[in-house]
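Here's the structure we're looking at; comments come further down.
Only a predicted model underlies this, so the values are computations on that prediction, with no experimental measurement involved. Naming convention: chains lettered A, B, ... in sequence-line order (proteins, then strands); numbering from 1 in each chain.
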Amino acid sequence: MTLTAPEAAGPARDAATRALHRSYLRQMLLIRRFEEKAGEAYSLGKIGGFCHLYIGQEAVAVGVMAALDPGDHVVSAYREHGHALARGISSRAVMAELYGKATGCSGGKGGSMHLFDASVGFLGGHGIVGSHIPLAAGVAFAHKYRGDEHLAVCFFGEAAANIGAFHETLNMASLWDLPVVFIVENNGYGMGTAVSRAAAVTNLSVRGTAYDMPAEQVDGQNVLTVREAMDRAVSRARGESKPTLLEIKTYRYVGHSMSDAAHGTYRSKDEVEEYRRRDPIAILTELMRAGRYWDDEQQAALEAEVMAEVTDAIGFAEASPEPDLAVLHRDVYAPEGQ
Amino acid sequence: MATLTYRDALNQALREEMSRDDRVFLMGEEVAEYDGAYKVSRGLLKEFGPKRVVDTPIAELGFAGIGVGAAMVGLRPVIEMMTWNFALLAIDQIVNSAAKMRYMSGGQIGVPIVFRGPGGAALQLGAQHSQAFESYYAHIPGLKVIAPATPADAKGLLKAAIRDDDPVVFIEGEMLYNQKGDVPEGEHLVPIGRADVKRAGRDVTIISHSKTVGPALKAAESLAAEGIDAEVIDLRTIRPLDTEAILGSVGKTNRCVVAEEGWAFAGVGAQVVDVIQRDAFDALDAPILRVTGADVPMPYNKHLERAAKVDAGKIHEAAKKVLYR
């Protein structure tokens, strides 16, 4: 792989394509800066509990979400800040949720691992590895049941592909032709366990074969490649009501969670540096520069715009009220039942 | 009134609710072409077709989760567990997904789903197939737990459960499916969270639910022959627990026996006793006694099995003890 994608040599891009690339770049940059700030806030004790950052994997969330319609649904795991932002939950509502504030997207009851926003079809934020995979198939089942042509997307890490729920769900999704796309974000490590130490077959896309499900291995550092693969999966889901398994190869630059160092135990500094040279933001920026529709000035302006948004989100979260203690017993059951 | 078996009362409830609301569908092992492992879903495939009566592979965790996902976006799944013993494979979806979704989403995403199937011991099925799990699920905030004893309650409560906006664990009595009883015709709903006085009496309260209501009533008859007038309360719903009915009865009789099929430790009866000692302490004339399944995995041998199970004789003895007779 080279830094410069082959598209760079192609013809001049039309205005719509340029705008699209700028929007992908903006979203990836927003996730990167948001996560850096969240990491800082965590270190300052502003954010509690577990906090799993998405730095390095931004192209996956952005490329996948770009292929979806507003009526589709997204179900994710616990490293989902980036997914939530790319799906359209505001940076204010996500940051406020990390702070546990009343203005957070889950009212402060969910936290980092349980981000929800029904208005954009974002159905969590789930903390038990692999447990949410059948939920996504159930959402897809409902879309098919209603005949509405929408689909469900499920994000999970490569370690979740070893759990029973993954296999049970893939079998039924294929058996019943459910419109669902399973996204394995293969960042190489389930916590500290390398994929080669956890999976007998490390090419996880071949697991689709066991369930007669179309599957691909995708370069997750190039947002355009991710988008193209996702477009194929989406048209299969929407057009033919068929599931797809996408193994998207990526890498997290940071530790599993805030309590895990970026390197030193299960992986080396050299390895992290090696992957940093294939940075998803740099790859897209390079492509845009090579196409001569992006320059230093635009980059600086975008950086400033994104930093302003993240700074605003932090300010909003800081200033927001704590949830009233009166809400403690609310939302256990539907209002009629309380 | 029509006389129906518990099985057919459940079947009627499913049929009526599926006719009433096309968001309701039934999913589980052998529910469609086989007509149900216990024939609760008999005829439903023929009437509603394979879109709404869905046979699954043997994958409890997977199809329980698929049901939860479908409920999150507005369908009303009824997920049949062939028995609650097998639902242990799916407990992650019931406890971690269904029960918590509304809360951890800040009230945005409800899960209107019913998990149902037979629980409790039948005859000589051995340790892994003879378990009463009411207290497992009743422990969890976010779940409602129902365990009906009669055909009328089975029908009325299943209909209420399907219309409920929250996840319901509906535990049927495997040994009750053939039991007959009067069931009101037409729209018959039994409210969730209300106990029922199955026999009124003055001298001692016997609290039970599901399969144990039968032996409790039988014990009340034999106690009557000895001049003891027992009141039998059927909890019907375990969570939310009808504390008002419990306290009302004990306030009247001043003596109480709690009988259940499950194990004693942290069982349903433990919760009932907690309510009474706190809110009706002064009403008690004797310590409350509990009659439960023996604290062992269920043995296969029929004599050992009989010794492990709750029966009318054990409830009779306990009632006499709390009356110091």
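- Using modelled atom types and a 3.5 Å distance limit, the side chains of A:Y145 and B:R52 yield a donor-acceptor pair.
- Between B:M101 and A:H126 the shortest side-chain heavy-atom distance falls below 4.5 Å.
- B:L89 does not touch chain A: none of its heavy atoms, backbone or side chain, sits under 4.5 Å away.
- Of the inter-residue distances, the one linking A:D331 atom CG with B:K100 atom NZ reads 14.5 Å to the nearest 0.5 angstrom.
- For A:V139 against B:G69, the heavy-atom pair with the smallest separation is CG2-O, 3.5 Å.
- For A:S131 against B:D92, the heavy-atom pair with the smallest separation is OG-OD2, 2.5 Å.
- Close approach to chain B, defined as a heavy atom under 4.5 Å from one of its heavy atoms, is seen in A:C105, A:S106, A:K109, A:G110, A:H114, A:F116, A:D117, A:A118 of residues 101-122 of chain A, taken by number.
- Interface remark: A:V75 contributes no atoms to any contact with chain B (heavy atom separation under 4.5 Å).
- Residue B:D164: no heavy atom, backbone or side chain, is found under 4.5 Å from chain A.
- With a 6.0 Å radius and a threshold of 12 heavy atoms from other residues, nucleotides or ligands, A:Y211 has its OH atom above the threshold.
- Residue B:D21 places its CG atom among more than 12 non-hydrogen atoms of other residues, nucleotides or ligands, all under 6.0 Å distant.
- Looking at heavy atoms from C-beta onward, A:L135 lies in side-chain contact with B:S97 at the 4.5 angstrom threshold.
- In B:E187, the CD atom is crowded: over 12 heavy atoms of neighbouring residues, nucleotides or ligands sit closer than 6.0 Å.
- Using a 4.5 Å cut-off between heavy atoms, B:L75 contacts chain A through both its backbone and its side chain.
- Within residues 167-182 of chain A, the residues having any heavy atom less than 4.5 Å from a heavy atom of chain B are, in residue-number order, A:E168, A:N171, A:M172, A:L175, A:W176.
- Other residues, nucleotides and ligands contribute more than 12 heavy atoms inside 6.0 Å of the CD atom of B:E47.
- A donor-acceptor contact shorter than 3.5 Å is absent between the side chain of B:D166 and the backbone of A:Y333.
- A heavy-atom distance below 4.5 Å is not found between the side chains of A:H73 and B:M72.
- Taking the six-membered ring where the residue is Trp, the centroids of A:F141 and B:F25 are separated by under 6.0 Å.
- Among A:R146, A:E97, A:K144, the residue with the largest count of heavy-atom pairs under 4.5 Å with chain B is A:R146.
- Across all their heavy atoms, B:L61 and A:A165 have their closest contact at CD2-CB, 3.7 Å.
- Interface residue A:I128: only side-chain heavy atoms are found under 4.5 Å from chain B.
- Within the 4.5 angstrom heavy-atom criterion, only side-chain atoms of B:V54, from C-beta onward, approach chain A.
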